[in-house]
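These numbers come from the heavy atoms of this one structure, side chains and all, not from hydrogens, waters or symmetry mates. All ligand and atom numbering here is 1-based and tracks the order in the structure. On a predicted model such as this, the values are computed, not experimentally measured, just so you know.
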Amino acid sequence: MGYLFGPVLSRRLGLSMGVDLLKYKTCNLDCVYCELGRTACLTSCRDRFVPRQKVIKEIELKRAEPFDHLTFAGSGEPTLSIDLGEIVAQAKKIVDSPVAVITNSTLLSSPSVRKEVSAADVVLPSLDAAGENAFRDINRPASGLKAADMIAGLKDFRKEFSGEIWLEVMLVRGINDKEAEAIARAAESTEPDRIQLNTVVRTPAEPVEPLSEEEMRRMLEIFPGAELIPDWDWSVPKRVRDRLMQLLNSRECTLEEISLDQDLETGDVIKYCKILEKDGLIARRLLGGKLLFHAVDGFADDASRE
Ligand code: SF4
């Protein structure tokens with residue numbers, strides 16, 4: 001055990017069961033904003049990092065757990081694993097939920113990598129630069145990688161892949177925000193289904209700065225039709241917190257039940273549960289194939305009645 005993690009609460013993917021095919025932290029980029037810290041192993045060589053059969057076995061063991069996506073992500077760049085295609089293909093046969101791959105897009109210039117990634121249902125690639133200078137400054141690539149190849153790979157991937165592509169663009173103050181128009185043109189040229197704009201909201205590898213909420217809203221004029229995904233307000237309003245705690249003190253609920261009962265968007269429920277869980281006010285348990293959330297105190301009462 002130890003290759004799957006979660007399910008984590010993800011604003012983009014809902015309840016996301018992660019699959020990690022790498023050793024911490026293996027990547028062909030060393031992005032200044034990376035929330036995993038500096039890249040320990042900067043390499044573009046594909047390799048086997050974990051035992052394939054053990055990963056597949058673990059996916060089989062977790063198949064009955066509730067999750068919205070089985071997501072290949074984790075300790076670096078998933079396409080560096082030579083087993084990615086085989087494991088994604090096997091996973092598709094094992095789980096009912098859609099399979100997602102998060103990638104930094106660099107290896108999509110390779111036809112064989114594109115074929116492997118195409119086995120997924122949803123692919124979430126990144127594109128933070130249109131030119132080589134910004135690519136070097138924000139992504140600090142392993143030698144030999146070029147922004148132009150990455151963009152060409154994304155275009156080729158679009159032609160070959162009929163599933164959903166949700167392209168993420170990370171904007172960092174003073175590094176790539178000045179070439180936002182060029183990035184927008186490059187992003188549109190790759191014809192993704194969605195463009196999702198992000199900025200630095202989690203602890204980055206380097207002391208880089210995010211764009212403000214107002215600046216990000218202005219970016220929507222440069223990236224028409226894009227969505228904003230960062231969450232500047234990482235808090236639960238008191239009124240919502242009180243109502244949620246009251247509900248979860250009285251009974252255990254799934255995310256959907258909380259959403260219906262409280263008339264809240266699923267994305268907000270995910271955010272609030274993440275915060276309350278981190279604060280130790282609510283906890284989760286798996287029961288009858290459902291992921292249930294409960295107030296920590298309320299659950300003690302329920303447990304004593306069972
Ligand atoms: S590609 Fe992803 S894992 Fe690699 S350094 Fe950038 S943010 Fe971190």
Within-4.5 Å side-chain heavy-atom neighbours: Leu197 and Ile195:
yes
Do the side-chain N and O atoms of Asp128 and Tyr33 include a donor-acceptor pair separated by under 3.5 angstrom?
yes
Taking only residues two or more places apart in sequence or in another chain, which ones pass side chain to side chain contact (heavy atoms under 4.5 Å, CB included) with Leu36?
Tyr24, Lys25, Cys34
Salt-bridge present (Glu215, Arg173; N to O < 4.0 Å)
yes
Under 3.5 Å donor-acceptor pairs involving side-chain atoms of residues 93-103, not counting sequence neighbours:
unit_1	atom_1	unit_2	atom_2	d
Ser97	OG	Phe67	O	2.8
Thr103	OG1	Glu77	OE2	2.7
Thr103	OG1	Ser105	N	3.1

Hits for side-chain hydrogen bond (donor to acceptor under 3.5 Å, both in side chains) against Glu227, two or more places apart or cross-chain, chain-then-number order -> Arg194, Gln196
Taking 2.8 Å as the limit, list every protein N, O or S atom around atom 4 (Fe) of ligand 1, by chain and residue number.
Cys27 SG
Does the protein place any heavy atom closer than 4.0 Å to atom 7 (S) of ligand 1?
yes
